[in-house]
Structures are given as structure tokens and as C-alpha cells.
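I have placed the structure first, in the form of C-alpha cells, so that the comments after it can refer back to it.
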2 protein chains.
Amino acid sequence: MEQNETQQYEDLLVKNGLKRTGARLQVLDILSHRESATSQPYLENVVGKEIDRVTLYRILKTFEEKGIIHRVLDNHGTANYAICSNSCSEHNHHDEHVHFNCNNCLRVYCLDDVKIPALKIEKGFQIADMNLVVSGICKDCNKAN
Amino acid sequence: MEQNETQQYEDLLVKNGLKRTGARLQVLDILSHRESATSQPYLENVVGKEIDRVTLYRILKTFEEKGIIHRVLDNHGTANYAICSNSCSEHNHHDEHVHFNCNNCLRVYCLDDVKIPALKIEKGFQIADMNLVVSGICKDCNKAN
DNA sequence: TTATTGATGCAATAATGATGCATTAACATT
DNA sequence: AATGTTAATGCATCATTATTGCATCAATAA
């Protein structure tokens, strides 16, 4: 990992009142360099020997609470994580874009450009959050055939 | 359960090439009489002494495959089930309405009237299914305060 | 009424996630 | 630089949700 990137991750941690530990930097590094949202099992495969499973869960949970990453549930109900755009903060998430879950490669894409359209919902229902997951076959898997 | 309802459930099973067993009729009866989608744990609480947990999973899976019920993942990634509108069939699901997951009572509502708006997604991504879960506080819980 | 196939129950296992507690590491302070 | 304080980690354990294999049983067809 490059020096300036490490610096960037450390800043991000400090900015959020978190200590800059090796485990956290490693998780940030991995998430930053993936083009799609990353599942806990995937992370566990990569860093499982260095970082305890529970620590991983706690890091992801903390990051989510701080607005550093956002969580998407895929079609199987497993959590996937992706770095938030930098307009996110602890009390102000802006991750209301559409996600695409490929049925073939199982990847979860953040379609940052595609926002969830406004909805007309019955009065009385108070909206706090919206989660739109589209599933199908992704660009790469379509090419591959 | 009323006689004509039982008849109706039996027809539904036969129509889908399924045997009309007590367990299946019971599940259909419960799902039909609930105003919101029903989680596997809830069902297990109700019929857990009469129906084996594994059987319950298999019944729900079968029903979903046949288009009798549809599955919604709530915010925790646990499966919830609701009876499909009668236009659904094995190879033709029409459950693309919005779901509302209450953060307070945890209920999952099917907002049958609210359809998921059309999306413009990058070429190459082939859409098979869409799942929009809105979370917040539901009508009942808003009233209660 | 019996054969056949589908459905169920039981035992075991997997995957995902949470909690309590002792230990260790990071950072501020001296 | 040494030390104290608080946060972070690792380990053991447990909970929940879900799946698989196999033996048994029941529903429908013959």
C-alpha cells in the first residue's frame, strides 16, 4: 500500500476519533481497492489469519456507525460493505444509491449514479432509509458468455 | 379455519403440483391471515411444536419456487414471507412492489400499491429482479406515540 | 390395496453474528 | 522516554438462521 494512501486512511480514522490500528488500516485498504462491495466472508478469507473474526465484525460495525462505509444486504441476506462517498458522516449517510447484485458472480456493485427515485407512500409511514437492490447478470458476466 | 378457505388452499397446492399436507395448509392459513410479511422465526414460534423446523424451511422454499409466496429480506437479513398476488406463477413473479420494514415493531409491510419505479441502468447490466425495502417507523408505531 | 413418489422428522453441520472477559496496544500526559 | 488510561483485540462461548443426508411416513395413483 502506498505511503500517501496509508496517510489518507490514518487521517480518516483520526477524523472519526478512532485509533489507527493495523487491522483497521488493512480493512480500509482492501475496501478501497475493490471495485464492488465486499462481503464479510470475503474479508475473512483475505485477512482471517491476521485479524480475528470478531475484530473484523467490530471494525465493520464501527466503520458503518461512523459513516466510513455503508452496508448492503445481498440477495442471500449477507452483509456487503463499501467505502462511502466522502460526503458521509456519522449522523448523515448519503448512500441512497442503487445496488446491483449479480446472480452469477455474486458481486455487489454500487451504482453511484443511479439514485433511488422518490416514492409516494401512505401517510403515517415515516421513511428513515431506503435500500434498493437490483439483481440479475452484471456487465462482466454478460461479456463472458 | 373456515371450510371454504381450506378448500381454496388445497386447490392452490394441487394447482402447483404439491400434495396437500397438514403442515402446508397450516402455513398457508397463517400467512393468509397476517396483514404483514411473516418471518421464519415467527412461524416457528407458532407452529414449532407441530411442524419441524426443517420442514418449515422446505415448505417456504417450495412455496417460493412455485410462486405461491414471495420472500423479502428485512434490514437484518432475515427472510420474511407473504402470499403473492394471484397473478404470480412458478416462472412469472410479480412481486415488484415496495416493502416497508418498521424499525420499531420490526414488521414488514407489503405496499402493494407502491411499485418500484423504472430505472436507467448502465447497458450491460441485465435486470432480473428488484427489491426495494424502505425502513422507518410504521403507521401503527407512529400512532402509538 | 398396494406401490410409488413426495413429504416429513431427526441428527448433524455450516454460516453469520453477538457477548463477556482478559490481554494488549495506542495515545496523551507527564 | 516512561507511564497511565482508554480503546481495541483475541479467545471462548453461545445464538440464530439455514442446509444436507438419511430413514420413515403419508398422499395420491395404479
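Just so it is clear: chains get the letters A, B, ... in the order the sequence lines come, proteins before strands, and each one is counted from 1.
- Of the side-chain N and O atoms in B:Thr55, one or more sit less than 4.0 angstrom from OP1 or OP2 of C:dG9.
- Computed from coordinates, the B:Glu44 CD to D:dA18 P distance equals 10 Å when rounded to whole Å.
- Note: CG (A:Leu43) to P (C:dG17) measures 11 Å, nearest angstrom.
- Residue contacts for A:Thr62: at a heavy-atom cut-off of 4.0 Å it reaches no nucleic acid atom on any strand shown.
- Counting to the nearest Å, the P atom of D:dG10 and the NZ atom of A:Lys49 are 15 Å from each other.
- Annotation: side chain of B:Leu111 is not in contact with side chain of B:Asp113 (no heavy-atom distance under 4.5 Å).
- The separation between A:Leu25 atom CG and D:dA8 atom P is 13 Å, rounded to whole Å.
- Here the side chains of B:Lys15 and B:Lys66 are not in contact, with every heavy-atom distance at 4.5 Å or above.
- For B:Gly22 and B:Pro41, each mapped to the nucleotide of DNA chain D holding its nearest heavy atom, the one lying further toward the 5' end belongs to B:Pro41.
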_Stepwise side-chain hydrogen bond (donor to acceptor under 3.5 Å, both in side chains) test for A:Gln8 and A:Asn4_ = CA-CA 6 Å; A:Gln8 191 185 319; A:Asn4 56 346; over 6 Å; no
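- For A:Gln26 and D:dG10, the CD to P distance is 10 Å, given to the nearest whole Å.
- Using a 4.0 Å cut-off, some side-chain N or O of A:Thr21 falls inside it from OP1 or OP2 of D:dT9.
- If you take NE2 of B:His76 and C1' of C:dA18, they are 13 Å apart, rounded to a whole angstrom.
- When distances run from any side-chain atom of B:Ala79 to the nucleotides C:dT8, D:dT9, D:dA18, the shortest one goes to D:dA18.
- Going from atom OG1 of B:Thr78 over to atom OH of B:Tyr42 covers 15.0 Å, rounded to the nearest 0.5 Å.
- A:Asn80 places its CG atom 10 Å from the P atom of C:dT16, with the value rounded to the nearest Å.
- Of the candidates D:dT19, C:dT8, D:dA12, C:dT8 carries the atom nearest the B:Arg24 side chain, counting heavy atoms from C-beta on.
- Nearest nucleotide to the side chain of A:Ile59, out of D:dT9, C:dA7, C:dA11: D:dT9.
- Atom CD1 in B:Ile51 sits about 13 Å away from atom P in C:dC10, given to the nearest Å.
- For B:Arg58, whose side chain is taken as the heavy atoms from C-beta onward, the closest listed nucleotide among D:dT28, D:dC22, C:dC27 is D:dC22.
- For B:Tyr57, no side-chain nitrogen or oxygen approaches OP1 or OP2 of D:dT19 to under 4.0 Å.
- Paired with B:Val27 under the rule side chain to side chain contact (heavy atoms under 4.5 Å, CB included), one option of B:Leu60, B:Ile68, B:Ile69 passes, and it is B:Leu60.
- Of the residues near DNA chain D, B:Leu73 and A:Glu50, the one whose nearest nucleotide (by heavy atom distance) lies more toward the 5' end is A:Glu50.
- In this structure, B:Arg53 does not reach the D:dA18 phosphate: none of its side-chain N or O atoms is under 4.0 Å from OP1 or OP2.
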